Amino acid sequence: MERKVRVRFAPSPTGPLHMGGVRTALFNYLFAKKHGGDFLLRIEDTDQNRFVPGAEAYIIESLKWCGLVPDEGVGFGGDFGPYRQSERKPMYKRYADSLIDNGFAYYAFDTAEELDELRKEAEARKQVFSYDLHTRNGLKNSLSLSPEEVQERLQSGQSYVIRFKMPENREIVEEDLIRGRVSFNTNQLDDKVLFKSDGMPTYHLANVVDDHLMLITHVIRGEEWLPSMPLHILLYESLGISENRPRFSHLPLILKPEGKGKLSKRDGDKMGFPVFPLLWKDPETGEFSRGYREDGYFPEAFVNMLALLGWSPGTEQEFFSIGELIGLFDLSRVVKSGARFDPEKAKWFNRHYLQQKSPDELAVLFLPILNEKGINPDLQQLQLIVGSIKERCEFVKDLWDQGHYFFQAPESYDEKTIQKKWKPDTNEKLEAISELFETIGDWDAANIKEVFSVFMAEKEWGFGVVMVPIRLALVGSSSGPDLFEICGLLGREETVGRIRKAIKVIQ
RNA sequence: GGCCCGUUCGUCUAGGGGUUAGGACGCCAGGUUUUCAUCCUGGUAGCAGCGGUUCGAAUCCGCUACGGGCUACCA
């Protein structure tokens, strides 16, 4: 019988979730939903030293914002809990003991200081110390020490770790669902710690045990885990649980927009883009890191952008709803090489999703920004304004930059435009136009344009010489939507008032 | 250093023995907008290098170079 697909996203609560982590969650989610399976959230908090308060809640909120809601996990219930590894602590020792009993693992009594010393010595000789089949017999462990001494140390409560005894000269070959055949020789691998002296398992043990217990069918994780895949495979084998063990897929990393290495928080700070989904306040330093949500990105845009970073459906389609992504997603189409992140393209995606929204929707999103400035516009009027300026915007907050003059008369006028377009007779012409405007019957864009055109034709004035000055009077600069539309939206009184004010102020 | 993974326009990618090597972002130009932005049209630009296999290689193989990851009682 085919097992139900079950995948997990398993972050550590050591800080805010990185956008690379969000992408890993996304690909897991897409894969699960594509196959009618389950998507779980497991919190891997086995390192008490690196625990950061608030990080877990941040992870959960980030997933929710992106619409990647787990079927099971911390905060979401489920039958395979607890889903926080710290709460599963008692389970792991049993597995570690079984490994010892069957000769696949051993106790090691070397202190962290002793090992540190060995590493330093090796470094001095331009070598790298490795706890492995070549060195383990010369170190303090249950392989090198007599059984009596091991018993004695154990009984006296001396602290120890449990290490995996890496077998000699075995070829571990695995078919990675993204990379294809990957192989390792165990002679190159070291004896990893599985169980720490504080009684907690390391990632390797906890990960394998939990994936087994939670019936995980596919492990989809970042490429940084590829080197430990043979260890994990051997662990399943040694634990006698390899029959239904998961298949592996290793995702390419997200790289810096420029320069070397993977994308880091620093890059965002330096180049002015968020690296995290949500705003984060470091509980220790109080330092803030910007988030996509607070920067004004729509979750659909963020998810769409992330989906295409390292994956492509093979068509020329660029915009996808989450439903389309689920339908199209395929691990074999994930790219193998690392992807440089392009903040410009992220903005482009947001522009697209903003343009897709109706003026009503945008007006609702814009309203809080206006309220904060003490402006309480009529909602219907606001929708009209938004409709005329939205195509110039990438973010909701751009609506203010593009349309502030609808709510506040300009305080100053663009100096360059004055120099270029404000001629000696401009004031005179604008006064004539003000008088004209006062006589117009229906004050709407089409009619204003009509009457204005007739007037201009009669006077034989060129449009260019008055259009820009009027715009300057109304807006303060030389950009914006159609001038008559602005006049219509502003209303007759405001329009004429602003023109007359400009006549007074300029020249 | 060792091990593993990778390499198509500046960037994200399609293409997996015979293609004018396709699309998107960016950039540039033209058109529209009597402004600016949008929008439309066009353009720019790429198979890392060298060997091999083959009638034929971006595509398969090898080497080199370059990039990335791992090499903790971190995940």
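All values derive from a computational prediction rather than experimental measurement. These numbers come from the heavy atoms of this one structure, side chains and all, not from hydrogens, waters or symmetry mates.
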Kindly point out which of [options] is positioned nearest to the side chain of [X]?
{"X": "A:Leu309", "options": "B:rC74, B:rG69, B:rC12", "value": "B:rC12"}
{"X": "A:Glu223", "options": "B:rC5, B:rG69, B:rU13", "value": "B:rC5"}
{"X": "A:Lys336", "options": "B:rC70, B:rG6, B:rC12", "value": "B:rG6"}
{"X": "A:Glu318", "options": "B:rG10, B:rU7, B:rG23", "value": "B:rG23"}
{"X": "A:Gln188", "options": "B:rG2, B:rU7, B:rC73", "value": "B:rG2"}
{"X": "A:Glu316", "options": "B:rC4, B:rG1, B:rG22", "value": "B:rG22"}
{"X": "A:Arg351", "options": "B:rG1, B:rA14, B:rU38", "value": "B:rU38"}
{"X": "A:Leu115", "options": "B:rA24, B:rC4, B:rC73", "value": "B:rC73"}
{"X": "A:Leu255", "options": "B:rA14, B:rG68, B:rC73", "value": "B:rG68"}
{"X": "A:Lys196", "options": "B:rC5, B:rA75, B:rU11", "value": "B:rA75"}

Spacing of [X] atom [atom1] relative to [N] atom [atom2], expressed in whole Å:
{"X": "A:Met200", "N": "B:rC74", "atom1": "CE", "atom2": "C1'", "value": "13 Å"}
{"X": "A:Leu263", "N": "B:rG69", "atom1": "CG", "atom2": "P", "value": "11 Å"}
{"X": "A:Glu123", "N": "B:rU71", "atom1": "CD", "atom2": "C1'", "value": "13 Å"}
{"X": "A:Arg23", "N": "B:rC12", "atom1": "CZ", "atom2": "P", "value": "12 Å"}
{"X": "A:Lys256", "N": "B:rG68", "atom1": "NZ", "atom2": "P", "value": "10 Å"}
{"X": "A:Phe129", "N": "B:rA72", "atom1": "CZ", "atom2": "C1'", "value": "12 Å"}
{"X": "A:Tyr131", "N": "B:rC3", "atom1": "OH", "atom2": "P", "value": "23 Å"}

field: First encountered from the 5' end of RNA chain B, between A:Leu226 and A:Arg119
entry: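 Result: A:Leu226.
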query: Which residue lies toward the 5' end of RNA chain B, A:Gln355 or A:Val182, if each is placed at its nearest nucleotide?
result: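 Counting from the 5' end, the first nearest nucleotide belongs to A:Val182.
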With sugar-phosphate meaning primed atoms plus P, OP1 and OP2, does [X] contact a base, only sugar-phosphate, or nothing at under 4.0 Å between heavy atoms?
{"X": "A:Val193", "answer": "sugar-phosphate"}
{"X": "A:Lys126", "answer": "nothing"}
{"X": "A:Ala339", "answer": "sugar-phosphate"}
{"X": "A:Gly261", "answer": "sugar-phosphate"}
{"X": "A:Glu391", "answer": "base"}
{"X": "A:Asp482", "answer": "base"}
{"X": "A:Pro11", "answer": "nothing"}
{"X": "A:Asp176", "answer": "nothing"}
{"X": "A:Ser197", "answer": "base"}
{"X": "A:Lys260", "answer": "sugar-phosphate"}
{"X": "A:Lys262", "answer": "sugar-phosphate"}
{"X": "A:Ser479", "answer": "base"}
{"X": "A:Tyr203", "answer": "base"}
{"X": "A:Arg333", "answer": "sugar-phosphate"}

- prompt: Does a side-chain N or O from A:Ser337 land closer than 4.0 Å to OP1 or OP2 of B:rC5, or not?
  reply: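 Checking B:rC5 against A:Ser337, no side-chain N or O comes under 4.0 Å of OP1 or OP2.
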- request: Establish, with yes or no, whether the OP1 or OP2 oxygen of B:rA75 is under 4.0 angstrom from a side-chain nitrogen or oxygen of A:Arg50.
  value: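 It does not, given that no N or O in the side chain of A:Arg50 lies less than 4.0 Å from OP1 or OP2 of B:rA75.
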task: Determine whether the aromatic ring centres of A:Trp348 and A:Phe319 lie less than 6.0 Å apart.
output: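 Close enough - the centres of the two rings lie under 6.0 Å apart.
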For a 4.5 angstrom cut-off between non-hydrogen side-chain atoms, does [X] reach [Y]?
{"X": "A:Lys347", "Y": "A:Tyr297", "result": "yes"}
{"X": "A:Gln48", "Y": "A:Met200", "result": "yes"}
{"X": "A:Glu318", "Y": "A:His352", "result": "no"}
{"X": "A:Pro283", "Y": "A:Val52", "result": "yes"}

query: Quick one: do the A:Trp311 and A:Asp330 side chains pair a donor with an acceptor below 3.5 Å?
result: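 Short answer, no.
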Which whole number of Å gives the distance between the [atom1] atom of [N] and that of [M]?
{"N": "B:rA65", "M": "B:rC50", "atom1": "P", "value": "15 Å"}
{"N": "B:rG52", "M": "B:rU59", "atom1": "P", "value": "14 Å"}
{"N": "B:rA24", "M": "B:rU71", "atom1": "C1'", "value": "38 Å"}
{"N": "B:rA75", "M": "B:rG22", "atom1": "P", "value": "48 Å"}
{"N": "B:rG46", "M": "B:rA58", "atom1": "P", "value": "15 Å"}
{"N": "B:rU53", "M": "B:rC61", "atom1": "P", "value": "15 Å"}
{"N": "B:rU35", "M": "B:rG68", "atom1": "C1'", "value": "49 Å"}
{"N": "B:rC28", "M": "B:rU44", "atom1": "P", "value": "16 Å"}

Does [X] get its side chain close enough to the base of [N], under 3.5 Å, for a donor-acceptor pair?
{"X": "A:Arg471", "N": "B:rU35", "result": "yes"}
{"X": "A:Lys192", "N": "B:rA72", "result": "no"}
{"X": "A:Arg340", "N": "B:rC12", "result": "no"}

For [N], the Watson-Crick or wobble counterpart (both distances under 3.5 Å):
{"N": "B:rA37", "value": "none"}
{"N": "B:rC66", "value": "B:rG6"}
{"N": "B:rC27", "value": "B:rG43"}
{"N": "B:rU53", "value": "none"}
{"N": "B:rG16", "value": "none"}
{"N": "B:rC74", "value": "none"}

- request: Applying side-chain hydrogen bond (donor to acceptor under 3.5 Å, both in side chains) between A:Gln85 and each of A:Asn207, A:Asp210, A:Asp45, report the one that passes.
  value: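 So the option named by the test is A:Asp210.
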task: Compare every heavy atom of A:Pro53 with every heavy atom of A:Trp280, then report the nearest pair and how far apart it is.
output: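 Taking A:Trp280 first and A:Pro53 second, the nearest heavy atoms are CH2-O, 3.9 Å.
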A:Cys393 to A:Gln355 - nearest heavy-atom pair and separation: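 Where A:Cys393 meets A:Gln355 most closely, the heavy atoms are O-NE2, 3.0 Å.
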Distance under 6.0 Å and angle within 45° of ring axis: A:Arg333 vs A:Phe329: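 Output no; distance or angle outside limits.
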